[in-house]
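Just below is one structure, and these are the notes that go with it.
Each chain gets a letter, A, B and so on, in the order its sequence line appears, and its residues count up from 1. The analysis underlying the following values was restricted to heavy atoms, covering all of them including side chains, and did not include hydrogens, waters or symmetry mates.
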2 protein chains.
Amino acid sequence: MTRKQLPQPDRAEIRVEAVLQALGEPVRLQIVRALADTPEGIACGEIELPVTPSTRAHHLRTLREAGVLTTHTEGTRRISSLRREDLDALYPGLLTGVLSADQ
Amino acid sequence: MTRKQLPQPDRAEIRVEAVLQALGEPVRLQIVRALADTPEGIACGEIELPVTPSTRAHHLRTLREAGVLTTHTEGTRRISSLRREDLDALYPGLLTGVLSADQ
DNA sequence: CGAATAGTTCGATGAAGATCGTACTACGAA
DNA sequence: TTCGTAGTACGATCTTCATCGAACTATTCG
């Protein structure tokens, strides 16, 4: 079982504009909410989304490049999880606040 | 001196996607940072911004319609201030987190 | 190996939105 | 009432980006 970390920005490279812009898109926010429910990470394809696989890949890349989530391969699957520790360190309260929004 | 509140969404009407999208634009984030420094509100024109007045008006409208700030007239001037109380109630920690980002 | 599975990349398209200049409105001062 | 100031509204333009289908990569399984 191959296991590899996909490229992502270091904590110091994360920019708040990119994070906010990434979170400000409905589909991506839906992804983030799904990840928040499963701290151990989840395979991209298992999140139910109203878009095609290619669009899904685009959004996951955007979130990863913004520093919101981290992804590693596990065989043919890609497991993503929130970079909660980094985000909480950089912007304490932000993630909690976003996720506290009812629906 | 005329004084009038400009139309804005009720607290219950504020949507987190709109807030995040509004905050995820560099010029608008600059506006929000400026407002955070002056709780008593500030005239739009006094915020130094790298855009023309019409673009500035566009961004202020976007922020107002998203529920991020409130604006009232004071003579010919329009004073804006953050809707900190509403945002903190809806998304506790969000604003603090965003503003804690260094630059 | 070959087939199946999970997911990406690329190019095209259409929609959203950031920007500007110009024309306009509202208010206060003279 | 006329002028100046503060700011908005509108229309045009240009850029960004969400979306898709099709082709591709990588990995596991038989």
Can Val98(A) and Leu20(B) be said to form a side-chain contact (heavy atoms from CB on, under 4.5 Å), step by step?
CA-CA 9 Å; Val98(A) 169; Leu20(B) 291 168; 3.9 Å; yes
Rounded to whole Å, please give me the gap between [atom1] in [X] and [atom2] in [N].
X        : N       : atom1 : atom2 : answer
Glu25(A) : dA15(C) : CD    : C1'   : 13 Å
Lys4(A)  : dA26(D) : NZ    : P     : 8 Å
Glu17(B) : dG17(C) : CD    : P     : 13 Å
Arg78(A) : dT5(C)  : CZ    : P     : 19 Å
Leu6(B)  : dA6(D)  : CG    : C1'   : 13 Å
Arg56(B) : dA6(D)  : CZ    : C1'   : 11 Å
Leu60(A) : dT19(D) : CG    : C1'   : 15 Å

Protein-nucleotides 1-4 of chain D N/O pairs under 3.5 Å:
none

Per the 3.5 Å Watson-Crick/G-U criterion and a run length of at least three, the stems involving DNA chain C are C:1-30 with D:1-30
Quick one: does [X]'s side chain get under 4.5 Å of [Y]'s, heavy atoms only?
X        : Y        : answer
Leu69(B) : Leu35(B) : yes
Gln30(A) : Pro50(A) : yes
Leu94(A) : Leu87(A) : no
Val68(B) : Leu82(B) : yes
Pro26(A) : Arg15(B) : no
Arg83(A) : Ile14(A) : yes
Arg56(A) : Ile47(A) : yes
Leu29(B) : Val16(A) : yes

Check step by step if side-chain contact (heavy atoms from CB on, under 4.5 Å) holds for Glu25(A) and Glu17(B).
CA-CA 6 Å; Glu25(A) 207 280 335; Glu17(B) 290 97 341; over 6 Å; no
Residues two or more places apart in sequence or in another chain: which of them pass salt bridge (Lys or Arg N to Asp or Glu O under 4.0 Å) with Arg28(B)?
none
Check: protein-nucleotides 13-17 of chain D nitrogen or oxygen pairs below 3.5 Å:
unit_1  : atom_1 : unit_2   : atom_2 : d
dC17(D) : OP1    : Gln21(A) : NE2    : 2.7

Checking side-chain polar atoms at under 3.5 Å, does Thr70(A) have a donor or acceptor matched by the opposite partner on Ser81(A)?
no
Apply side-chain contact (heavy atoms from CB on, under 4.5 Å) to Asp10(B) and Asp86(B), showing your working.
CA-CA 9 Å; Asp10(B) 294 341; Asp86(B) 288 324; over 6 Å; no
Sorted by number, residues from residues 64-72 of chain A placing a heavy atom under 4.0 Å from DNA chain C are none
Looking for any heavy atom pair under 4.0 Å, which part of the strands does Arg61(B) touch: base, sugar-phosphate only, or nothing?
sugar-phosphate
Has the side chain of Thr73(B) got a donor or acceptor atom that lies under 3.5 Å from a matching backbone atom of Lys4(B)?
yes
How close do Ala101(B) and Tyr91(A) get, counting heavy atoms only, and between which atoms?
CB-CE2, 3.4 Å
Of His59(B), Glu65(B), His58(B), the residue whose pairing with Arg61(B) passes side-chain hydrogen bond (donor to acceptor under 3.5 Å, both in side chains):
Glu65(B)
Side chain of Arg77(A) - closest among dA6(C), dA6(D), dG21(D):
dA6(C)
Taking only the side-chain heavy atoms of Thr55(B) (C-beta and beyond), determine which of dC20(C), dG7(D), dC20(D) contains the nearest atom.
dC20(C)
Residues of residues 45-53 of chain A with any non-hydrogen atom less than 4.0 angstrom from an atom of DNA chain D: list those, numerically ordered, please.
Val51(A), Thr52(A)
